[in-house]
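Right, one structure below, let's go through it.
Letters A, B, ... mirror the listed sequences (proteins, then strands); counts begin at 1.
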There are 2 protein chains.
Amino acid sequence: MNLLGYLEEDITIKKPLNLKQVAAQLGVSTATVSNAFNRPDQLSASLRDRILKESAELGYFGPNLAARSLRRGESGVIGVMLADSLSYSFSDPVANQLLQGIAEVLVDKQKQLLLLSSGVVSAQQSSAESLPDGFVLYGALAGNAFNQILRTGKPVVTVDFESSGTASVNIDNEQGAFTIANHALAKQQHPEVAVLGLRLIDAGRVCRLTAPDITTHSGEISRSRLAGYFRAAQGLHCSISPERIWHIPVNSPAQAEIAAREALTSLPRPTTLLCMSDVIALAAIRVAQSLGISVPSELQVTGFDDIPEAARSTPALTTVCQQSLEKGRVAAQMLLEGNPTTSITLETRLVVRDSCL
Amino acid sequence: MNLLGYLEEDITIKKPLNLKQVAAQLGVSTATVSNAFNRPDQLSASLRDRILKESAELGYFGPNLAARSLRRGESGVIGVMLADSLSYSFSDPVANQLLQGIAEVLVDKQKQLLLLSSGVVSAQQSSAESLPDGFVLYGALAGNAFNQILRTGKPVVTVDFESSGTASVNIDNEQGAFTIANHALAKQQHPEVAVLGLRLIDAGRVCRLTAPDITTHSGEISRSRLAGYFRAAQGLHCSISPERIWHIPVNSPAQAEIAAREALTSLPRPTTLLCMSDVIALAAIRVAQSLGISVPSELQVTGFDDIPEAARSTPALTTVCQQSLEKGRVAAQMLLEGNPTTSITLETRLVVRDSCL
DNA sequence: TTGTAAGCGTTATCAT
DNA sequence: ATGATAACGCTTACAA
């Protein structure tokens with residue numbers, strides 16, 4: 001093989017065909033090839049079939065996405081931006097269910113999914129957010145990422161947080177928390193309540209709250225849930241003091257176990273553990289078992305989320321279903337069907353299983 | 001507001017700024033703005049800072065991705081293509097761990113993640129696979145999707161399957177299965193073995209195998225695991241007949257429970273259940289518990305994968321760690337660091353916990 | 001039905 | 001450091 005031959009082959013491998021070359025090969029105009037891929041009505045079915053078939057044989061599988069979206073102003077890609085880091089999100093069952101719901105709709109509507117995490121975008125020199133035709137934003141985004149996306153002027157649906165002017169999908173966290181706390185506390189005479197809370201304050205370690213922490217606002221969702229717990233407790237004339245509320249910085253089993261162990265070895269020992277996520281609650285059940293504390297007879301545990309694992313554990317977890325999967329579906333549908341403007345609040349549902357009867 | 005005003009405003013909202021407009025606003029040339037974003041060495045630091053700052057204030061956050069990648073021939077996007085449907089993959093703990101590992105590396109290297117599922121691509125008229133600079137392919141892809149990606153000539157790393165000429169990350173499924181089967185069977189006198197297999201044949205329902213199924217090859221991975229089980233059994237002079245092998249079409253708890261129930265109510269009742277995934281094994285443990293069969297004293301259960309939930313269940317699951325997270329990391333690193341050509345086989349590790357001592 | 005050509009927003013080259 | 005300009009691959013209005 002000579003140098004020229006080598007170069008030719010190299011080019012063949014490196015550069016995919018483009019529409020112009022295909023048109024030349026097939027002996028038709030570029031317009032016709034383009035129409036074959038984009039506007040079936042502009043040519044005869046037989047010609048279209050021939051072009052599609054033969055171009056596939058040549059190794060051309062459709063117009064280059066960058067060029068096409070540059071020209072058309074749309075890409076067929078939907079961006080999903082996650083407040084937490086990407087790799088963490090894949091380990092979080094709630095985020096996974098949301099993504100699952102979104103993916104269902106996108107596949108159905110033939111859209112591609114570009115995953116963005118708020119950290120990367122702001123650091124990036126080229127704006128990946130210029131490509132997608134629309135966005136699902138999950139959770140309160142760090143810093144300017146949110147504004148950056150809004151300024152694109154593209155349709156946006158936010159999930160689990162709201163911002164005036166954009167469509168959103170939410171649940172009533174306060175109400176869900178109230179309902180389950182009420183369920184847990186109503187039937188006990190003198191419940192000893194502890195709360196295992198998620199992201200209540202701005203601290204990187206597991207710790208108890210202090211009185212001033214109660215009035216400070218930090219994470220919206222957690223604060224709503226805490227408010228729901230308080231409302232239920234007050235209605236039943238029992239109280240939850242700050243030092244019986246634990247802050248857990250990340251929704252991970254490891255952190256949750258630390259907090260659960262602290263709570264369950266503190267005195268007086270809690271008889272009820274209100275947990276702000278299922279991951280936390282499941283960890284609490286494991287810790288209780290390892291300490292020889294029987295659930296639910298000696299300790300009632302409640303969760304929040306209703307992740308799949310909640311139904312599988314023993315004892316099965318009593319929790320609040322927040323329909324994460326449906327959230328994802330609804331968000332994606334709103335995004336893809338017309339101009340999204342409305343805000344939707346999905347129902348939460350008390351799911352009574354064995355950990356708190 | 002008059003019609004013209006309305007239109008102007010509409011345009012302002014709809015069309016994001018472009019580099020040319022920004023250059024005009026700032027009173028510099030397009031080349032300079034472009035250089036500010038792409039080639040810091042081409043202008044003074046102070047000018048660059050001014051441009052970056054002021055263009056952000058104008059609402060310009062960096063060059064349009066479609067235009068940039070059209071021009072440069074690269075996009076900064078990595079495509080991950082999953083053999084299974086996207087929404088299913090998000091529910092599968094193994095796929096999630098792989099994605100987590102990939103995401104770690106991509107975030108670190110400032111790459112974006114485009115998720116493709118093999119179903120969508122082939123049906124799509126525009127080729128989304130033209131955008132990414134490289135691909136991680138997970139699992140044996142349906143139909144032409146694989147070839148379509150290879151023909152792009154872009155770097156590819158395959159995970160959990162091999163194809164000559166492309167780099168790959170794999171584990172030794174046969175060896176892993178052999179090791180755990182050997183562990184499970186070696187210490188019993190006359191073990192009654194049943195296998196709960198994943199995707200062994202081409203059938204959509206849970207069912208037992210028949211003799212001819214044993215020789216037919218279908219899913220590569222499952223077949224390797226089955227071969228490992230057989231090798232271990234033969235070495236210990238015990239046998240596994242086809243009607244003691246169940247086929248489960250999807251790695252879901254629901255399907256697995258059906259198979260487990262069949263297996264555990266069949267006679268003679270198995271004393272050892274070799275399961276081809278942790279999801280299946282965990283389902284088997286739950287079914288055993290519901291039938292009053294004690295694990296591990298009356299029934300030994302082994303899994304495969306070592307998903308996070310395996311360590312958390314009671315009894316904790318004895319399984320084979322296949323390092324899914326590391327697989328993802330390695331695959332992404334291979335893809336991003338130079339021309340990937342090598343094939344790597346990651347170690348599997350027997351993890352003895354309580355379900356099979 | 002087909003061919004032609006403008007232009008989408010960017011980068012890179014070249015001369016200035 | 002700048003200005004002008006040619007691509008990158010495609011879509012589409014328009015003319016034939």
Side-chain angles (χ1 to χ4, degrees), chain A residues 11 14-51 55 58-76 124-131 133 152-153, chain B residues 11 14-51 55 58-76 124-131 133 152-153:
Chain A
I11 288 167
K14 274 231 156 68
K15 284 280 162 203
L17 292 170
N18 62 29
L19 184 144
K20 199 168 167 183
Q21 293 167 323
V22 171
Q25 290 277 329
L26 300 192
V28 297
S29 75
T30 60
T32 306
V33 177
S34 177
N35 285 333
F37 281 100
N38 298 302
R39 299 155 31 154
D41 51 313
Q42 297 294 300
L43 35 53
S44 68
S46 64
L47 179 57
R48 174 164 194 259
D49 289 345
R50 182 174 81 89
I51 291 177
S55 55
L58 288 171
Y60 182 79
F61 302 106
N64 175 291
L65 182 59
R68 153 190 271 236
S69 45
L70 179 56
R71 177 62 229 242
R72 307 227 308 192
E74 62 177 65
S75 60
Q124 189 90 348
Q125 74 279 42
S126 168
S127 56
E129 68 271 22
S130 58
L131 186 72
D133 300 332
T152 63
Chain B
I11 286 166
K14 275 228 156 68
K15 284 281 159 204
L17 292 169
N18 61 28
L19 184 144
K20 200 167 167 183
Q21 294 167 322
V22 170
Q25 291 277 330
L26 301 192
V28 297
S29 75
T30 61
T32 305
V33 177
S34 178
N35 285 332
F37 281 99
N38 297 302
R39 300 158 32 160
D41 52 314
Q42 297 294 301
L43 34 52
S44 67
S46 63
L47 178 58
R48 174 165 194 259
D49 289 345
R50 182 174 81 88
I51 291 177
S55 56
L58 288 172
Y60 182 80
F61 302 105
N64 174 292
L65 181 59
R68 153 188 273 236
S69 42
L70 178 57
R71 175 62 229 234
R72 306 223 310 190
E74 62 176 66
S75 60
Q124 190 92 346
Q125 75 279 41
S126 168
S127 56
E129 68 271 20
S130 59
L131 186 73
D133 300 332
T152 63

To the nearest angstrom, the CG-C1' distance between Leu65(A) and dC10(D) comes to 11 Å
Rounded to whole Å, the CZ-C1' distance (Arg39(A) to dC14(D)) equals 12 Å
Whole-Å distance, Phe61(B) CZ to dG9(C) P, equals 17 Å
Quick note, Ala67(B) side chain, CB onward, closest among dT11(D), dT10(C), dA12(C) is dT10(C)
Between Ile51(B) and Leu70(B), whichever has its closest DNA chain D nucleotide further toward 5' is Ile51(B)
Worksheet item: Got a donor-acceptor contact below 3.5 angstrom from the Ser130(A) side chain to the Leu65(B) backbone?
Response: yes
Separation of dC10(D) atom C1' from Glu74(A) atom CD, nearest Å, is 14 Å
Residues Leu19(B) and Tyr60(B): closest non-hydrogen pair is CB-OH, 3.5 Å
note: Leu17(A), atom CG; dG9(D), atom P; distance rounded to Å ~ 11 Å
Check: Ser69(B) main-chain N/O paired with Ser75(B) side-chain donor or acceptor under 3.5 Å:
no
- Query: Which part of the nucleic acid, if any, lies within reach of Ser34(A) when heavy atoms closer than 4.0 Å are counted: base, sugar-phosphate only, or nothing?
  - Reply: base
When every non-hydrogen atom of Arg48(A) is compared with those of Ala36(A), the smallest separation belongs to NE-O, 2.7 Å
Sugar-phosphate only, base, or nothing, as touched by Leu43(B) at under 4.0 Å among non-hydrogen atoms: sugar-phosphate
(Q) Taking 4.0 Å as the cut-off, does a side-chain nitrogen or oxygen of Ser29(A) come that near to OP1 or OP2 on dG3(C)? (A) yes
Taken to the nearest whole Å, CD/Gln21(B) to P/dG9(C) is 8 Å
Quick note, Leu19(B) side chain, CB onward, closest among dT2(C), dT11(C), dC8(D) is dT11(C)
Whole-Å distance, Leu131(A) CG to dC8(C) C1', equals 14 Å
Does Arg72(B) get its side chain close enough to the base of dA12(C), under 3.5 Å, for a donor-acceptor pair?
no
Nearest-nucleotide check on DNA chain D, Arg71(B) vs Gln42(B); residue mapping nearer the 5' end is Gln42(B)
- Task: Determine yes or no for a side-chain-to-main-chain donor-acceptor pair under 3.5 angstrom, with Ser55(A) supplying the side chain and Ile51(A) the backbone.
- Result: yes
Would you say Tyr60(B) reaches dT10(C)'s phosphate, i.e. side-chain N/O to OP1/OP2 under 4.0 Å? yes
Just call it for Ser44(B): base, sugar-phosphate, or nothing, with non-hydrogen atoms closer than 4.0 Å on any strand. sugar-phosphate
Taken to the nearest whole Å, CG/Asp41(B) to C1'/dA1(D) is 13 Å
Can you see if the side chain of Asn64(A) gets near the phosphate of dG9(D) - specifically, an N or O under 4.0 Å from OP1 or OP2?
no
Side-chain contact check for Pro63(B): nearest option of dT12(D), dT10(C), dT11(D) is dT10(C)
